[in-house]
Every structure is written in structure tokens, then in C-alpha cells.
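These numbers come from the heavy atoms of this one structure, side chains and all, not from hydrogens, waters or symmetry mates. Residue numbers start from 1 in every chain, and the chains themselves are labelled A, B, ... in the order their sequence lines are given, proteins ahead of strands. Keep in mind it's a predicted model, so treat the numbers as computed, not measured.
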Protein chains: 2
Amino acid sequence: GWARAVRGLLLDVSGVLYDSGADGGIPIAGSAEAVRRIKASGLKLQLCTNETQATRENFVRKLRAMGFDVSVAEVTAPAPAACRLMKERGLRPHLLVHDDLVPEFAEIDKTNPNCVVLGDAAENFTYANLNEAFRLLIEMEKPVLISLGKGRYYKETDGLKLDVGAYMKALEYACDVQAEVVGKPAKRFFESALAELGVPPEQAIMIGDDIENDVGGAQRCGMRALQVRTGKYR
Amino acid sequence: GWARAVRGLLLDVSGVLYDSGADGGIPIAGSAEAVRRIKASGLKLQLCTNETQATRENFVRKLRAMGFDVSVAEVTAPAPAACRLMKERGLRPHLLVHDDLVPEFAEIDKTNPNCVVLGDAAENFTYANLNEAFRLLIEMEKPVLISLGKGRYYKETDGLKLDVGAYMKALEYACDVQAEVVGKPAKRFFESALAELGVPPEQAIMIGDDIENDVGGAQRCGMRALQVRTGKYR
């Protein structure tokens, strides 16, 4: 019954289509073919990712080089969503993010910061950078911490890595603030992915490897969701 | 009334006697004289510190060089308390601590770790070291995280720094575990400081700059406590 009504799929990427890594990552067996078959079947497809280690352009370039038939318009990612939110609210960020993500914030005024934006900064999660973000935040009259996702960890080709959520918790605790999460599992983020897909929640399925951020988040938006047994699945 | 019954003082050190820093730190005005007067008055004195950037020996050497008349026996610190706990329970640590603290764990078996001990590792809080501690912890059958304190932040001569509690929260969240805190504000830690002082809680006063870890923790042990307006006081 319901399966015949499905018109679109939201796909998580890391751990579903490929395992990321410093080497660029490796595709998961069968996943490029799966994307091809989904598209050939007439189903709509949108990548719904918390990827914050690259601009969407570079992310898509990497996926295409691995054999995935995807375009920038098919990617919903946290950085552009954070930019929309900051523009709406007159927020000027201090960025603690991966170097390769910085161009996504090119049009945002970053002088005299009144918020901190935290992404999966990877090697930029240094003691010095964490102290700097902490000091700026605690000295703000009204500290605003925007976190691009709240994942606990993810799997790279050389093992499990702490995700942005762990560092978010560190800053939340130190500054006694609650972060605003942009990206999965935020309802607003799934809603914007569905809007880009052009499909209502009851006609969409979210597919991911994270039981909370992919599956739980999607279900709270009225979607069905599937957990794959690749990526961080244990 | 009660003030005349006071026989001993527990003193926090960083932010009370001196402001720590990469330069070794600087004494707070009047504090060396205060220690002298406390001792001359006949009051017993014990330093009750969450210091985990040095062995007690080196810590005392530094304090003496700054003019404080204190001895190793007058220092209650988390690392020795953690060693006692690990011996009791057959725990073998992976250490994520400051290089200068490592000698405190010389007599503990560290092969094939079945717990992670987290101290104020400062420059050792690297992305690689945090990932390593996280991976060991999440792969343990029964993860045990021992945290040497749970402070949010402290003040060094060049500004505020994230304390061990922030990193504790990051690992707690990533691994879905609750850390066991050794050091202030743990009741057992204050009790061992009081035992070393040889004074019951109702005849002791705790003096510190941290409203939670010094003042709150001591009060929960039945002591009176004073908050100084130096150090991290804001």
C-alpha cells in the first residue's frame, strides 16, 4: 500500500553511499548502481547530509569522481541553512569549521562576531581553536552557538571519529548554553530537504546509518526511515 | 560561635593562591602572606586542588618558588585518588593527561586498557588524542571513563581556558557513558582531604573561586565554604 505511494528518497551520504576518509573515501559496494536505479525508476532523490568538511560543489565533485550521478541542486547541507538563519537574525559568525567549508560563508559578514558556528572542523579542532571559540562565546552578552549537526561520531576509512556533536557538548557545558542545531535531526532541515524534493513527508523515505539523526529525525517529521547496516552501524 | 570552632582550612590553589599560566603563573597579591598567617594562627591547612598539569612534587616546587610555605603532604590532588580507585577495581588506564602528570601513574599497569583517565591535558587535547581515547572507550565491553575533575573552565594569565569537564562531556556524549569524577566536587575527594587534615567537616572551611566545584561540593560534605573574587570569578 504505502510503498506504492512513495515518490521520493532522502539519502544520507557518509556511511550510506561511501565511507569518508582523509584519502577522499571509498564508495560502498553497490551504492553507485543503487543511485542509478533509483533515478531510472522515476523516484526523486535528494542527498540529505550533515557533511560540513567541504562546500557542496567540492562534495559533489568528489561523489561524481566516485561514480555517483548527483548534482549540487540535489544536496541539502547544513552550511547554507545556517547562512539563511544568520541572515534572518542579523548574526555574524566566528567560524570553527573545516577550512574547505569556509567558502560557503563568503557572503556573511564575519566582523565583530555575535555567534559561534561549529562544524565538523576535524584537524581544526585544536586546543587553541577550541579555547578561542569558547572565549568568544562566554564573553558574548547573549551567547549564540550554532552547531552544524549534533552527531556523536562517524566512521572514516581509518576508524571512528568524534563528530561535531561531541565538541558542541563541550562548548555547551563550558558556557552553560544550548546550541541551536542546523542540519539533521532538526525538523526544519528535513522540511527544507523535502521542499527541495517537492514531495510531502508521507510520500518520502529517509535512508541513513544513524539511528538518531537520520532515522529518528525523519520519523519526527512524519517520514518513514530505513537504517542501513553500513557506515557507523554496529 | 561557629567561627571559633574552626580548626582547619581547605584551600583551592589556582585562582586562589595564584593564576596559572604557560609562564608558570603568578601569585595573587597577599596570598603567600595569607598562608603564613593561617599557619601562624595554629589553623591546619590542606591544599584541595583539581590540579592535574603536574605531579604533586613539581606543583609544590612551583608554589614554593613563588613564596608559598607548603609541602607535598599538604596537597590533596585527583591523580593519587584515581590511582587508589583503579587499584581497588583492577582498572588499567589509557591516559589522556598532561605529560607532566604521567609520573603519578608510574605504579599502575597500563597494558591492555579497560578504562580511560581524562585530566586537564591542555596541549595534549589534540584531535588525534581525543579520537584515540574515544575509540578505546567505545570499543570497551563496559566503558569506564574516569575524569580528574569536571570544571568548566579556568583562568590562566593569558585568558580563560576550557577545563577537563568540557572534554569529559564530549566523550560522555560520544560514547553514551557517564564519567566517574575523581577530584572536586566528589564527596569522597573532600572526605579524603578532611581525613588528611584530621578535622571534621563542621570544623573546616573550604575556600575557592569555583562556585560549584569548590563551594557547592564542600557544602554538600557539611563544610562551610567561601568564594574568593579572584581567579575565574566573574
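- Residue E88(B) places its CD atom among more than 12 non-hydrogen atoms of other residues, nucleotides or ligands, all under 6.0 Å distant.
- Annotation: side chain of K150(B) is in contact with side chain of Y173(A) (closest heavy-atom distance under 4.5 Å).
- For D176(A), the parts lying near chain B are the backbone and the side chain together; criterion is any non-hydrogen pair under 4.5 Å.
- The number of heavy-atom neighbours closer than 6.0 Å to CZ of R92(B), taken from other residues, nucleotides and ligands shown, is above 12.
- A 4.5 Å side-chain heavy-atom check between Y127(A) and Y167(B) finds at least one atom pair inside the cut-off.
- Of all heavy-atom pairs spanning R135(A) and L160(B), the tightest one is NE-O, 2.7 Å.
- Looking at F125(A), both its backbone and its side chain come within 4.5 Å of chain B, counting heavy atoms on both sides.
- A distance of 11.0 Å separates CG in L130(B) from OG1 in T126(A), rounded to the nearest 0.5 Å.
- Distance CG/L171(A) to CZ/R152(B): 12.5 Å, rounded to 0.5 Å.
- Taking both residues in full, the closest heavy atoms of A170(A) and A166(B) are given as CB-O, 3.2 Å, listed atom of the first, atom of the second, then distance.
- Atom CD of E156(A) and atom CG of N131(B) lie 8.5 Å apart (nearest 0.5 Å).
- Residue E132(A) holds its CD atom at 11.5 Å from CG of L162(B), rounded to the nearest 0.5 Å.
- For A122(A), the parts lying under 4.5 angstrom from a heavy atom of chain B are both the backbone and the side chain.
- Remark: K187(A) NZ is loosely packed, at most 12 non-hydrogen atoms of other residues, nucleotides or ligands lying under 6.0 Å away.
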